[in-house]
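Here's the structure we're looking at; comments come further down.
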Amino acid sequence: MNTEKRIHWKRDIEGFEKYLRDRENAEATIEKYLRDVRTFRKYRKDQELLNKDVLRKYKEWLLERYCVSSVNSMLVALNQFLIFKEAGWLRVKRVKIQAQGFRNMDRELSREEFRRLVAEARGRGQKQLAMIMETICATGIRISELKFFRADSVKNGMVQVRNKGKHRTVLLPEKLRKKLILYMAKNKIKKGCIFCTRTGKAKDRSNIWKEMKGLAKVSGISSKKIFPHNLRHLFARTFYKTTKNLIHLADLLGHSSLEVTRIYTCDGIEELKNSLEQLDLINGIV
């Protein structure tokens with residue numbers, strides 16, 4: 001077996017992109033994988049020969065600069081690139097992390113903060129952004145699924161989405177359906193995608209993220225809480241607190257495993273800490 005692999009960076013990255021598109025990966029996944037491979041290229045300073053030692057040192061380099069979850073995510077992308085190059089023997093193991101059943105609540109958006117963001121957006125004339133935030137938060141959709149909200153499906157109250165090779169139906173609460181119909185009427189939207197840029201393209205993560213970040217200063221809410229996916233988190237936590245139904249929540253979020261959904265059943269470290277304090281197993285301090 002060969003111990004080294006030569007990479008022709010420009011040609012191979014272009015080929016990797018085609019490989020990902022032929023596999024029908026999501027656009028956001030393709031962008032991330034390419035970005036992560038280019039980070040590795042920059043680390044290598046365009047040197048073409050790779051071996052196991054180079055990759056182990058790269059993993060150490062990443063751990064000195066990124067959190068563990070980000071390192072693992074970047075290694076997944078690199079491993080996919082190595083598979084594409086038929087160099088699977090060079091793949092790097094991800095860092096093992098103990099599964100945690102709680103979220104960092106310092107980064108979670110509260111219901112009151114969400115309402116403040118929506119109000120600020122409307123007050124600044126960003127009515128589309130306000131409607132997008134309400135749509136995500138009321139349905140729990142991923143930001144990449146927003147493009148499936150089309151005029152005809154919104155009127156029917158059921159949106160068919162395709163994501164990661166899966167199909168599912170997103171149900172619209174009646175209040176949201178009526179608000180969206182009113183939004184379409186005011187903006188003379190009769191067909192097609194209802195959330196578009198000025199050029200007619202469907203709004204994507206980068207568009208919405210940038211617009212939401214613009215609300216940070218005027219709303220007084222920490223910028224680390226303001227990102228589109230946090231609206232999905234708020235939906236999930238609110239739904240579980242209201243219904244205590246983990247199975248229905250997994251269906252609504254489009255999760256194939258309850259383990260992925262379970263993280264929303266706990267409010268965070270403080271809730272776990274309070275549970276520990278209630279055990280009262282330690283004698284008083286002498």
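Both backbone and side-chain heavy atoms feed into the values below; hydrogens, waters and symmetry mates do not.
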[X] and [Y] ion-paired at < 4.0 Å:
X	Y	answer
R177	E174	yes
E14	K18	no
R116	E120	no
R122	E134	yes

Determine the minimum heavy-atom distance between [X] and [Y], stating which atoms define it.
X	Y	result
L75	R94	CD1-CA, 4.2 Å
F239	N245	CE2-O, 3.7 Å
C193	K147	SG-O, 3.8 Å
T139	P173	CG2-CD, 4.2 Å
L55	L90	CD1-O, 3.1 Å
N207	A202	OD1-O, 4.2 Å

- For the pair V170 and M158, evaluate side chain to side chain contact (heavy atoms under 4.5 Å, CB included) and give the outcome as yes or no after the intermediate values. CA-CA 6 Å; V170 173; M158 293 188 295; over 6 Å; no

Counting only heavy atoms not in [X], do more than 12 sit closer than 6.0 Å to its [atom1] atom?
X	atom1	result
R41	CZ	yes
H248	NE2	no
K127	NZ	no
R23	CZ	yes

From [X] atom [atom1] to [Y] atom [atom2], the distance as rounded to the nearest 0.5 Å:
X	Y	atom1	atom2	value
L234	I136	CG	CD1	11.5 Å
Y240	T243	OH	OG1	8.0 Å
L50	R6	CG	CZ	10.0 Å
R91	K52	CZ	NZ	8.5 Å
I7	L49	CD1	CG	9.0 Å

Can you confirm whether [X] sits close enough to [Y] that some side-chain heavy atom of one is under 4.5 Å from a side-chain heavy atom of the other?
X	Y	value
Q160	S153	no
N51	T3	no
M184	I181	yes
L109	C137	no
L172	V154	yes
L129	L215	yes
V76	Y33	yes

Do any N or O atoms from the side chain of [X] and from the backbone of [Y] form a donor-acceptor pair under 3.5 angstrom?
X	Y	value
N187	I189	no
R232	G140	yes
K5	K85	yes
K213	F227	no
W9	Q47	yes
N79	V92	yes

- Task: List for me each residue that meets ring-ring contact (aromatic ring centres under 6.0 Å, His included) alongside F81, sequence neighbours excluded, and say none if there are none.
- Result: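 Scan of F81 (ring-ring contact (aromatic ring centres under 6.0 Å, His included), adjacent residues dropped) gives F16.
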
- Item | Option from R162, R168, R150 for which salt bridge (Lys or Arg N to Asp or Glu O under 4.0 Å) with E145 holds |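 Of the listed options, the one satisfying the test is R168.
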
Please list every donor-acceptor pair under 3.5 Å in which a side-chain atom of residues 56-69 meets a protein atom from a residue at least two apart or in another chain.
from	atom 1	to	atom 2	distance (Å)
K57	NZ	D53	OD2	3.3
K59	NZ	K93	O	2.7
R65	NH1	W61	O	3.1

- Please list all pairs passing the ring-ring contact (aromatic ring centres under 6.0 Å, His included) test where one or both residues lie in residues 181-204, with sequence neighbours left out.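 ring-ring contact (aromatic ring centres under 6.0 Å, His included) check on residues 181-204 returns Y183-F195.
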
- Message: Side chains of H233 and N230 only: does a donor on one sit below 3.5 Å from an acceptor on the other?
- Response: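 Yes.
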
- Path from L176 to V161 over hydrophobic side-chain contacts below 4.5 Å: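 Both belong to a single hydrophobic cluster.
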
